[in-house]
Amino acid sequence: MTPSTDTASWNADDFRFMARALRLAEKGLYTTDPNPRVGCVLVHGNQVVGEGWHQRAGGPHAEIVALRNAGERAKGATAYVTLEPCSHHGRTPPCAGRLIEAGVARVVAAMQDPNPRVAGKGLERLRQAGIEVSRGLLEKEAERLNPGFIKRMRSGLPFVRSKLAMSLDGRTALASGESKWITGEAARCDVHRLRARSSAIVTGIGTVRADDPFLTARLAEATDLEQPARVIVDSRLQAPACARVFRQPGRVLVITTEADAGARQSLTDAGVEILEVEADATGRPAVSAVVRALGRLEFNEVLFEAGATLNGALLAAGVVDEWHVYIAPCILGDQARGLFHLPGLTEMADRPELAISDVRRVGKDMRLILRPSA
Ligand code: AOF
Ligand code: ZN
């Protein structure tokens, strides 16, 4: 079923055109949810005759946009696609059939579609129609476009990031709870990009009460973005209905262990969706259950922006794929608050360890990206 990877057959032009398809796919970074970001380039006689990218779920797939763009010139062309063309009827008809009808001679796919409804069947169908097919060109780069879609298709779970901002001495807030503006403008802008590409931004009731955040994505460079859903983890439904998170456009959810209908009413009246999940030993929503619930909602990438309690639980449960830590070169002192509440940690041997995957300077601050250590 799975066609082989044949690296030997790719030349410099193949790499160049696939790189272009990847750049096109990236244009859908903030808009394709819950679908993947996909780009397609059609080339005939070394000339680009059509190109396209997937913009919105329900809209045409990248291949269809490129075929429309190419018209008759698609006949005999090579299609470079960042994801295997689909073979199923979803919100739109199968692209593999459309590529065959258009008379495309060769298809190069960067990666197989992890969607079980496709999973190799698209390439197989093309191959059976006599089209020359290869897969695996710039595969790692293609995978990087869609970490959430890929993880959700394979496991039902979203790709989870948690963003933290701390002082040089590892503190997030003064003992009073005051925490605003530790990091500078460039770091905040970076976070808005992270928010914008996420399906949901998740925080805890403590942060809602302390900071009354908006949790919206505000990006000058992307005016057409879908606002990510805002999700509040609130065990006992203490969030006031007048909180700012509830009053922004877009979807808002509260995840709770509280079943009391009366307690729910003022939130549902304010248009908030309520999800009940199982409790952990402390009586709070179990973070693994929270993450599973976010996957069921078809969220691909979720971003936690939470305080020490929720981050401690996330760390202990091992459910975070990427920690984004911003370090501001200021000092808050040893009376200030730390990043993680980890009451059970008493032995050095039990300390959680992470692996650094990226370090860079963002404006006046530094950013670390960390992953679970293998
Ligand atoms: C996309 N864009 O460019 C490609 C996709 O519900 P549908 O019809 O939009 O189908 C979505 C599925 O189609 C998606 O999960 C993925 O498996 C496949 N390919 N999807 O949204 C595209 N090529
Ligand atoms: Zn398709």
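Below, each value reflects all heavy atoms present in this structure, side chains not excepted, and no hydrogens, waters or symmetry copies. In listed order, ligands and their atoms are each counted from 1. Quantities reported herein were computed from a predicted structural model and do not represent experimental measurements.
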How many protein atoms of type N/O/S are positioned less than 2.8 Å from the Zn ion (ligand 2)?
3
For atom 6 (O) of ligand 1, what's the nearest protein heavy-atom neighbour? Residue, atom name and distance, please.
R91 N, 2.8 Å
Suppose we screen for side chain to side chain contact (heavy atoms under 4.5 Å, CB included). Which residues come up paired with E72, at least two apart in sequence or across chains?
none
For atom 15 (O) of ligand 1, the protein heavy atom that lies nearest, with its residue and separation
N115 ND2, 3.0 Å
Distance from atom 17 (O) of ligand 1 to nearest protein heavy atom, with residue and atom:
D113 OD2, 2.4 Å
So that I can tick it off, tell me whether R98 and E63 are bridged by a salt bridge, with the cut-off set at under 4.0 angstrom between side-chain N and carboxylate O.
no
Just let me know how R117 lines up against ligand 1, side chain, backbone, both or neither, with a heavy-atom cut-off below 4.0 Å.
neither
N146 versus N300, side-chain donor and acceptor atoms under 3.5 Å
no
Quick one: look at W53 and ligand 1, take heavy-atom pairs under 4.0 Å, and tell me if it's side chain, backbone, both or neither.
neither
Hey, can you tell me if H54 and H61 have their rings parallel, tilted or perpendicular (30° and 60° cut-offs)?
perpendicular
Any pair with a residue in residues 288-299 that passes side chain to side chain donor-acceptor pair (under 3.5 Å), sequence neighbours left out, goes on the list, sorted by first then second residue, please.
none
Sorted by chain and number, sequence neighbours left out, ring pair (Phe, Tyr, Trp, His ring centres under 6.0 Å) with W53 holds for none
SB check E276 R264 (cutoff 4.0 Å):
yes
